[in-house]
There are 2 protein chains.
Amino acid sequence: MRPTLADVAKLAGVSVATASRALSNPDLVADGTRRAVREAAASCGYKINLVARSLRIQRTDTLLVLAPCIDNSFYPALVRSIEDTALAMGYAIIIGFTNKADRHREAYAELLSAGRVDGLLVMDGGSGVDRFTGPQPDLPVVQVFDKIYETQVPVVRVDEQQVADLAVHQLASMGHRRIAHISGAADRHSARERREGYRAAMARLGLPVEDQLVKNGHGHREGGAEAMKQLLELPLAPTAVFCANDTMACAAMDVCRDRGIHVPGDISFIGADGTADGLFAFPSLTTVNVPRAEAGSRAVEKLVGLIRGQAVMPDTVLPVELKLRGSCAPTRTAVAA
Amino acid sequence: MRPTLADVAKLAGVSVATASRALSNPDLVADGTRRAVREAAASCGYKINLVARSLRIQRTDTLLVLAPCIDNSFYPALVRSIEDTALAMGYAIIIGFTNKADRHREAYAELLSAGRVDGLLVMDGGSGVDRFTGPQPDLPVVQVFDKIYETQVPVVRVDEQQVADLAVHQLASMGHRRIAHISGAADRHSARERREGYRAAMARLGLPVEDQLVKNGHGHREGGAEAMKQLLELPLAPTAVFCANDTMACAAMDVCRDRGIHVPGDISFIGADGTADGLFAFPSLTTVNVPRAEAGSRAVEKLVGLIRGQAVMPDTVLPVELKLRGSCAPTRTAVAA
DNA sequence: GCGCACAACTTAAACGCTTTAAATTGTCAA
DNA sequence: TTGACAATTTAAAGCGTTTAAGTTGTGCGC
């Protein structure tokens with residue numbers, strides 16, 4: 001049998017209460033006692049039982065992290081930084097992926113309500129965090145990106161419209177006027193916002209906002225490629241494309257390459273997110289970087305704050321930044337001018 | 001206050017023992033009683049406290065999964081399948097990344113020894129699973145890939161030498177004789193085995209095994225690119241390269257493209273692992289697929305088996321498979337012949 | 001010498017559940 | 001009517017901690 005605190009106490013000739021204090025609250029016992037208990041614990045290989053501790057102190061020091069997936073190139077950096085920050089703050093993370101069967105959602109909702117975690121970090125705003133928590137979560141919840149405005153859940157996010165704005169402005173400043181947009185999955189808040197941001201930016205710049213220049217790429221490679229093909233079939237093809245994420249942008253560039261269309265000579269691309277995808281594309285992809293690692297840590301800090309009783313803070317909005325790389329260039333006319 | 005079983009019992013007019021049974025062991029109570037308890041539970045919003053349950057039954061139904069990282073394109077599929085299978089078998093997973101500071105290792109070793117998980121799944125064979133478990137783990141452990149022969153830990157893996165063998169044979173069958181190898185991180189078992197497998201296959205085929213044709217790419221893009229550059233500077237450059245993973249293969253192909261060397265016309269490539277990297281490369285990368293998703297489920301099944309008291313089974317060795325894609329072609333001389 | 005403050009420690013209860021062993025109830029045969 | 005037996009239910013003992021409340025002992029001022 002694993003030794004318990006009682007064994008340690010007996011060995012050290014003190015009560016379990018003292019043994020407990022000697023190990024976890026050293027200032028409350030005399031020097032000699034502390035040493036005796038420590039030695040007893042070491043000599044019998046005592047290890048605390050965290051489950052018992054959790055039951056007693058009503059804390060698990062564990063966070064549940066729900067991500068839609070992990071093979072998406074957007075999430076790994078986020079998840080890593082969450083894990084890193086959580087660990088530094090004394091929390092372990094249980095991870096769950098939610099874009100699978102409903103079975104998953106239910107299982108995790110169960111974990112949440114059954115007191116096995118102290119808080120929830122959702123990255124899957126998708127169609128509402130209340131699927132996991134109910135309308136009035138009795139557990140601290142923080143959401144990362146993809147804000148759902150209907151709920152009052154604190155969020156760490158970026159200004160998604162600004163993402164689009166930076167991209168469109170960059171292209172416009174290079175002389176592009178026919179700027180297309182390949183948008184992301186319709187159920188994602190970020191995708192909707194980026195599309196709106198694109199429209200707004202185009203309008204502000206006095207550029208034509210044609211419906212045919214906006215195609216839905218559904219956020220993935222195949223959709224991006226298909227959308228690009230449609231754009232290339234237009235009577236008057238765009239000279240630049242802003243894609244709602246890097247994955248689609250890379251796929252779109254590949255379509256161009258396959259057809260002998262030169263990037264950025266014939267057409268320019270800007271992606272969004274700032275994933276590694278674009279870094280290794282050819283040409284390397286200009287993108288609007290979304291600081292995922294920082295979002296991860298900030299979200300954990302926020303969540304831990306809530307758990308520890310801090311008042312709900314306003315949304316955290318992180319800055320985005322344009323990363324100018326090889327995939328966009330001034331229009332020929334701009335060059336000629 | 002959250003209602004407890006005692007509240008439910010009082011509400012239903014039975015003892016807590018009966019309430020407990022009615023909810024978790026329904027055959028042991030009479031029909032009417034069961035219904036009454038169920039209704040009482042529902043009416044007061046009772047949710048079981050899993051921590052208390054865990055303490056009592058001495059199980060946590062949680063697994064610790066340690067991965068070196070997640071942004072590596074190799075691991076996501078593995079982690080997802082682990083999560084999926086674990087959930088289906090009634091386990092949650094705590095995930096930890098171990099290629100960070102030692103702080104991480106220690107924290108997770110603590111979790112392990114403190115009874116917060118029922119078992120451990122390690123993907124980071126790196127320099128020995130005993131860093132986490134000590135020489136005699138008192139907890140079930142299963143390792144995925146990267147077997148460490150010194151320890152007696154059951155493992156789910158592939159035949160890494162066969163990975164190399166399939167690649168070399170394919171290239172040789174296309175007429176290649178000067179086949180180079182870009183190897184992976186020296187501390188990884190898979191990398192060492194693949195290099196040995198390359199040597200053995202070359203020798204068996206009677207092909208020259210020159211030290212200068214073997215470069216260390218350290219498993220990552222930069223290393224792969226650098227290794228490729230060195231290979232191209234050889235007096236007699238190789239006509240084909242087997243890379244120990246897809247990431248390096250893609251980087252190596254990019255180097256060729258930048259220098260105007262045509263793939264597969266001038267030089268052929270085969271990678272290994274079967275990650276999405278190679279699928280979207282140009283040309284798409286021939287690779288030796290390592291069934292990561294299946295390895296994940298098998299590992300979980302094995303681990304849960306151990307937890308439930310099954311005897312230790314022999315290693316599980318999964319089959320690998322060559323995926324022929326656009327990055328390799330017969331040599332010019334072979335074509336001419 | 002008495003009372004008091006204070007430090008050091010112990011006792012005992014609590015956290016919320018499961019499960020063994022014992023008690024209760026009901027049924028039926030003798 | 002009684003006893004045997006099965007079917008339910010209950011009381012109580014844990015699971016291994018933490019901690020509020022209580023006890024003991026020491027030194028100190030008076």
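Order of the sequence lines sets the chain letters (A, B, ...), proteins ahead of strands, with each chain counted from 1.
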Tell me the interatomic distance from A:Arg59, atom CZ, to D:dT17, atom P, rounded to whole angstroms. 16 Å
Neighbours of DNA chain C within residues 9-30 of chain A, by heavy-atom distance under 4.0 Å: A:Val14, A:Ser15, A:Ala17, A:Thr18, A:Arg21, A:Val29, A:Ala30
Per the ring pair (Phe, Tyr, Trp, His ring centres under 6.0 Å) rule, what does the pair list look like for residues 2-56 of chain B, sequence neighbours excluded? none
Using the salt bridge (Lys or Arg N to Asp or Glu O under 4.0 Å) criterion, which residues pair with B:Arg56? Sequence neighbours excluded. none
Can you name the nearest heavy-atom pair linking B:Ser297 to B:Thr85, along with the distance? CB-OG1, 3.1 Å
Going by heavy atoms closer than 4.0 Å, what residues in residues 41-56 of chain A are next to DNA chain D? A:Tyr46, A:Lys47, A:Ile48, A:Asn49, A:Ala52, A:Arg53, A:Arg56
State whether the side chain of B:Arg2 and the backbone N or O of B:Lys47 hold a donor-acceptor pair below 3.5 Å, judged by distance alone. yes
B:Ala40: partners by side-chain contact (heavy atoms from CB on, under 4.5 Å), with sequence neighbours left out: B:Val8, B:Leu11, B:Ala12
Ion pair B:Glu39/B:Arg35, N-O distance below 4.0 Å: no
Can you list every pair that meets salt bridge (charged side-chain N to carboxylate O under 4.0 Å, His left out) and has a residue in residues 10-30 of chain A, with sequence neighbours left out? none
Please round to 10 degrees the angle between the axis of the first five pairs and the axis of the last five pairs in the helix from C:dG1-D:dC30 to C:dA30-D:dT1. 70°
Please name the residue in the list B:Arg157, B:Lys302, B:Arg298 that meets the salt bridge (Lys or Arg N to Asp or Glu O under 4.0 Å) test with B:Asp315. B:Arg157
Dump the pairs, protein N or O against N or O of nucleotides 25-27 of chain D, anything under 3.5 Å, distances to one decimal.
none

Closest approach of B:Glu83 to A:Gly96 (non-hydrogen atoms, all atoms of both residues): OE2-CA, 3.5 Å
Mind checking side-chain contact (heavy atoms from CB on, under 4.5 Å) for A:Ser20 and listing every partner two or more places apart, or none if nothing turns up? A:Leu5, A:Ser24
Under 3.5 Å donor-acceptor pairs involving side-chain atoms of residues 115-123 of chain A, not counting sequence neighbours:
| residue | atom | partner | partner atom | Å |
| --- | --- | --- | --- | --- |
| A:Arg116 | NH1 | B:Thr60 | O | 2.8 |
| A:Arg116 | NH2 | B:Asp61 | O | 3.3 |
| A:Arg116 | NH2 | B:Thr62 | OG1 | 3.2 |
| A:Asp118 | OD1 | A:Thr60 | N | 2.9 |
| A:Asp118 | OD1 | A:Thr60 | OG1 | 2.8 |
| A:Asp118 | OD2 | A:Thr60 | N | 3.2 |
| A:Asp118 | OD2 | A:Asp61 | N | 2.7 |

Can you confirm whether A:Leu303 sits close enough to A:Leu63 that some side-chain heavy atom of one is under 4.5 Å from a side-chain heavy atom of the other? yes
Side-chain N or O of B:Gln58 versus OP1/OP2 of D:dG16: is the shortest distance under 4.0 Å? yes
Residues pairing under ring pair (Phe, Tyr, Trp, His ring centres under 6.0 Å) where one sits in residues 62-83 of chain A, two or more places apart or in two chains, turn out to be A:Phe74-A:Phe145
Under 4.0 Å from a heavy atom of chain B: give me the 5'-most and 3'-most nucleotides of DNA chain C that qualify. C:dG16 to C:dA21
